[in-house]
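Throughout, residue positions are numbered sequentially from 1 according to the sequence presented.
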Amino acid sequence: MRINIRLNIDLDITSSSRNMGKKDNTLPISARKKNIAHSTGSLPEIGGGGGGYFNKYHHHRWQVPIDGCYVIYRRTISLLIRIKPRKNKINCILTVLMFIMVIIMFMKYLRMIRFKNETGTDEDDHIVIRRQILSETNPEYAQDSNIWRNPVSDKHHGCIDRLTSETRNRSAPTKGYILVQANGGLNQMKMGISDMVAIAKLMDATLVLPTLDHKSFWTDPSDFKDIFDIKQFKTTLQDDIDIVESLPTHLANVAIQQKDPISWSKPSYYQGEILSLLKQHKAVNFLHTDSRLANNGIPDSIQKLRCRTMYEALKCTKKINELATKLINRLKQNNDHYLALHLRFEKDILAFTGCTHGLSQQEADEIESLRYSVKHWKVKKIKSSLKRQQGNCPLTPRESAIFLQAMGFPLSTKIYIVAGEIYGEHRLDEFKEKYMNVYTHSTLATEDELKPFKDLQNQLAALDYALALASDVFVYTYDGNMAKAISGHRMFKGFQKTIYPHKRKFVKMLDELDKGRLNWDEFSFQVKKVHANRTSRPRRRLGGVKPKREENFYANPYPGCICDNR
């Protein structure tokens with residue numbers, strides 16, 4: 001049987017012609033985006049009563065699907081009219097199949113729109129940011145604005161408790177003793193020690209109390225007991241590993257095997273090659289501790305142990321904690337908020353990175369000279385302007401102040417500088433031109449309070465760490481070890497708000513502002529938009545092709561030490 005089916009689609013030309021000349025209430029997507037991005041007259045109407053663009057399209061998320069549904073509806077009706085099933089069963093079957101195809105197309109269309117809304121919600125971002133801009137005009141902004149709110153994280157929580165089955169058998173003999181020479185600054189050493197505790201657990205070895213680095217850039221003579229509470233360290237970890245303060249007498253005169261473990265190694269490396277070495281020599285001295293354990297591919301129990309060490313066992317001494325509490329109370333008096341800024345514009349990091357933007361020629365030459373004098377800094381010839389454009393330089397004090405202002409932090413905000421001495425003749429002058437309420441441990445504490453810490457940079461770094469951890473917002477301008485350690489700790493404590501500037505995009509926008517190609521409102525709007533989702537919200541740690549390229553475990557301990565309630 002031959003069946004002729006005409007699929008004539010009614011385009012309703014007559015209806016379209018009749019509506020020509022009338023105002024089109026449904027803007028094209030591109031037009032609507034453009035209207036939102038450049039409209040300023042509708043600001044007072046956001047969240048208010050009267051008309052205005054956003055109220056008119058209050059349900060903007062579904063505006064595009066409704067238009068599409070109407071087109072599909074018209075075409076479906078047209079098809080069904082053309083294929084009227086009479087008494088022919090084949091026509092009936094074809095009609096049903098056609099109807100199913102239309103439904104499938106409709107569902108795919110909805111999924112496409114939903115995907116767009118979930119991944120590229122430009123309109124949503126615009127509305128959120130414009131509301132934030134409007135809220136800045138509120139007199140109560142400094143206390144009640146969203147800038148002080150933590151990201152939503154009610155479905156996540158820190159989880160580092162050990163299972164009963166993971167408790168060590170104290171009667172079991174040790175496989176050997178590990179001595180560790182922690183290297184680097186305070187936070188690099190803290191992360192290294194936490195790794196060494198985990199490695200001792202992997203090998204059923206005994207850990208000798210770590211020795212701290214006295215030869216790094218700061219040349220701090222502080223020992224472990226001067227910074228950390230030894231009793232807290234041993235008590236917290238007593239059910240995980242055995243810890244002693246020195247080698248037993250029968251090994252005191254034994255030639256100890258020196259070893260520099262391979263960086264970013266998996267447990268199999270320590271449970272194989274290193275454990276064999278330990279059994280043979282009874283004691284092994286690790287010369288470096290930084291980055292000796294991989295970020296990923298580690299059993300959950302070991303990951304939790306790393307965090308248990310970092311966040312609970314490595315508590316500071318009473319002397320450091322008491323002064324930290326005093327300084328925090330001074331910043332928070334009258335229930336004030338304060339922002340901790342890790343302004344890493346210090347001599348050592350500028351020399352290491354080769355960044356000289358904002359410095360005089362004489363200062364730039366001094367930075368270059370320092371870089372060439374340090375043998376283990378292998379890269380000597382560096383083009384500062386290129387590094388800055390790539391986003392690999394710490395922000396200058398001026399850039400940092402402009403960033404905070406563009407993000408909406410009031411100029412009256414209390415700001416605690418988490419850093420050593422800022423380098424350069426002008427140091428914080430340009431920063432203080434905008435933000436006057438600027439504090440450091442040197443200005444917040446009295447001379448008598450700081451006497452016990454004179455020239456002890458690691459102890460002062462521990463003090464700064466405590467104040468950064470307790471801050472309402474933490475901002476860091478260079479992704480160093482201190483920034484990693486504090487941001488990860490703040491995530492563990494409940495995803496406390498932490499902001500890391502997208503420096504590559506920011507300096508490009510700032511240069512446009514300085515050249516007059518952007519006005520302040522446009523600049524501030526773009527800065528807020530770029531950083532709308534860079535506030536330490538819950539997200540899983542990023543992997544990588546090479547272990548070194550992976551996101552640092554201590555910068556983001558999720559997964560491992562943070563659990564999802566779902």
Side-chain angles (χ1 to χ4, degrees), residues 181-194 209-233 245 289 310-333 338-349 397 414-424 427-428 431-432 437-471 474 476 478 480-486 489-490:
Q181 306 289 326
N183 62 294
L186 174 69
N187 292 286
Q188 185 173 330
M189 290 192 288
K190 284 175 65 178
M191 292 187 281
I193 292 170
S194 299
L209 207 65
T211 301
L212 303 189
D213 190 343
H214 299 157
K215 298 179 181 179
S216 64
F217 180 82
W218 300 112
T219 61
D220 187 332
S222 300
D223 290 323
F224 190 94
K225 63 180 175 56
D226 298 319
I227 300 178
F228 304 112
D229 185 333
I230 294 179
K231 183 179 179 181
Q232 171 77 13
F233 185 72
E245 296 192 29
T289 61
M310 188 74 173
Y311 305 143
E312 294 186 351
L314 288 172
K315 295 289 187 182
C316 291
T317 60
K318 182 180 179 181
K319 177 181 70 172
I320 295 174
N321 284 333
E322 285 181 347
L323 181 55
T325 301
K326 287 181 182 179
L327 301 188
I328 291 167
N329 290 337
R330 288 171 193 171
L331 287 169
K332 284 186 171 290
Q333 63 182 352
Y338 79 91
L339 179 149
L341 174 64
H342 187 45
L343 186 58
R344 194 70 166 92
F345 203 71
E346 300 165 88
K347 191 173 183 179
D348 65 323
I349 198 63
K414 287 184 176 180
I415 297 176
Y416 183 83
I417 302 296
V418 184
E421 184 178 359
I422 304 302
Y423 182 73
R427 292 184 171 86
L428 285 172
F431 189 91
K432 290 180 179 178
N437 295 324
V438 178
Y439 304 90
T440 65
H441 54 246
S442 299
T443 61
L444 197 58
T446 66
E447 187 176 342
D448 287 340
E449 288 171 336
L450 287 176
K451 271 185 181 178
F453 304 95
K454 186 178 180 180
D455 299 326
L456 301 174
Q457 297 299 328
N458 284 335
Q459 294 189 45
L460 289 172
L463 185 68
D464 282 347
Y465 186 101
L467 271 81
L469 192 63
S471 66
F474 175 60
Y476 59 102
Y478 185 77
N481 290 307
M482 188 170 199
K484 287 182 173 69
I486 294 173
H489 200 161
R490 288 173 66 87

Completion exercise
Taking every heavy atom of Ile227 against every heavy atom of Ala462, the minimum-distance pair comes out as CG2-CB, 4.4 Å

Handout entry: Side-chain heavy atoms of Leu456 within contact of Pro221, under 4.5 Å
Key = yes

Problem - Short side-chain to backbone donor-acceptor contact, Arg330 and Leu444, under 3.5 Å - result: yes

Handout entry: Donor on one side chain, acceptor on other, Thr325 and Glu322, under 3.5 Å
Key = no

Practice task
Taking atom CD of Glu447 as the centre, report whether more than 12 heavy atoms of other residues, nucleotides or ligands fall under 6.0 Å from it.
Solution key: no

Practice task
Indicate yes or no: at least one non-hydrogen side-chain atom of Leu212 is less than 4.5 angstrom from one of Ile193.
Solution key: yes

Practice task
Answer yes or no: does atom NZ of Lys326 have more than 12 heavy-atom neighbours from other residues, nucleotides or ligands under 6.0 Å?
Solution key: no

Problem - Polar contact flag, side-chain donor to acceptor under 3.5 angstrom, Ser222-Asp220 - result: yes

Exercise for the section: Decide yes or no for Asn183 and Gln188: does some side-chain heavy atom of the first lie under 4.5 Å from some side-chain heavy atom of the second? Expected result: yes

Exercise for the section: On the 0 to 90° scale, with breaks at 30° and 60°, tag the Phe224-Phe233 ring pair as parallel, tilted or perpendicular. Expected result: perpendicular

Fill in the blank from the handout: Looking only at heavy atoms, the pair that brings Ala485 and Asn187 closest together is CB-OD1, 3.7 Å

Practice task
Answer yes or no: is there a side-chain heavy-atom contact under 4.5 Å between Phe474 and His342?
Solution key: yes

Handout entry: Non-hydrogen atoms of Thr289 and Ala182 that approach each other most closely
Key = OG1-CA, 3.4 Å

Completion exercise
Rounded to the nearest 0.5 Å, the NZ atom of Lys190 sits from the CE atom of Met310 at a distance of 4.5 Å

Exercise for the section: State, to 0.1 Å, how close Ala445 and Leu323 come at their nearest heavy-atom pair, and which atoms those are. Expected result: CB-CD1, 4.5 Å

Practice task
Give, for atom NZ of Lys454 and atom CD of Gln459, the distance between the pair rounded to the nearest 0.5 Å.
Solution key: 14.5 Å

Practice task
Please say whether the positively charged group of Lys319, taken as NZ for Lys or CZ for Arg, lies over the ring of Phe453, i.e. under 6.0 angstrom from the six-membered ring centre and within 45 degrees of the axis.
Solution key: yes

Exercise for the section: Let me see the working for Phe345 and Arg427 under side-chain contact (heavy atoms from CB on, under 4.5 Å), right down to the final yes or no. Expected result: CA-CA 9 Å; Phe345 203 71; Arg427 292 184 171 86; over 6 Å; no

Problem - Nearest-0.5 Å distance that lies between atom CG in Leu343 and atom OH in Tyr478 - result: 14.0 Å

Exercise for the section: Please test Phe431 against Val438 for side-chain contact (heavy atoms from CB on, under 4.5 Å), starting from the C-alpha separation and ending with a verdict. Expected result: CA-CA 9 Å; Phe431 189 91; Val438 178; 3.6 Å; yes

Handout entry: Exam field: side chain Arg490 to backbone Leu469, donor-acceptor pair closer than 3.5 Å
Key = yes

Practice task
Taking all heavy atoms of Ala470 and all of Ile328, pick out the closest pair and write down the distance.
Solution key: CB-CD1, 3.6 Å

Problem - Backbone N/O of Leu331 and side chain of Lys414: donor-acceptor pair under 3.5 Å - result: yes

Problem - Minimum heavy-atom distance Ala340-Ala468, with the two atoms named - result: CB-CA, 3.8 Å

Handout entry: Minimum side-chain heavy-atom gap Asn458-Met189 below 4.5 Å
Key = yes

Practice task
Kindly indicate whether the side chain of Leu450, heavy atoms from C-beta on, has any atom under 4.5 Å from the side chain of Leu460.
Solution key: yes

Exercise for the section: Output the distance between atom CG (Leu428) and atom OG1 (Thr440), rounded to the nearest 0.5 Å. Expected result: 8.0 Å

Problem - Side-chain touch Met482/Ile486, heavy atoms, less than 4.5 angstrom - result: yes

Problem - Candidate pair Leu341 and Val418, rule side-chain contact (heavy atoms from CB on, under 4.5 Å), full reasoning - result: CA-CA 6 Å; Leu341 174 64; Val418 184; over 6 Å; no

Practice task
Tell me yes or no: between the side chains of Asp464 and Tyr416, is some donor less than 3.5 Å from an acceptor?
Solution key: yes

Problem - Gap between atom NZ of Lys318 and atom CG of Asp229 - 0.5 Å precision - result: 10.5 Å

Problem - Value rounded to 0.5 Å, distance of CG in Leu463 from NE2 in His441 - result: 7.0 Å

Handout entry: Any Ile415 side-chain heavy atom under 4.5 Å of Tyr338 side chain
Key = no

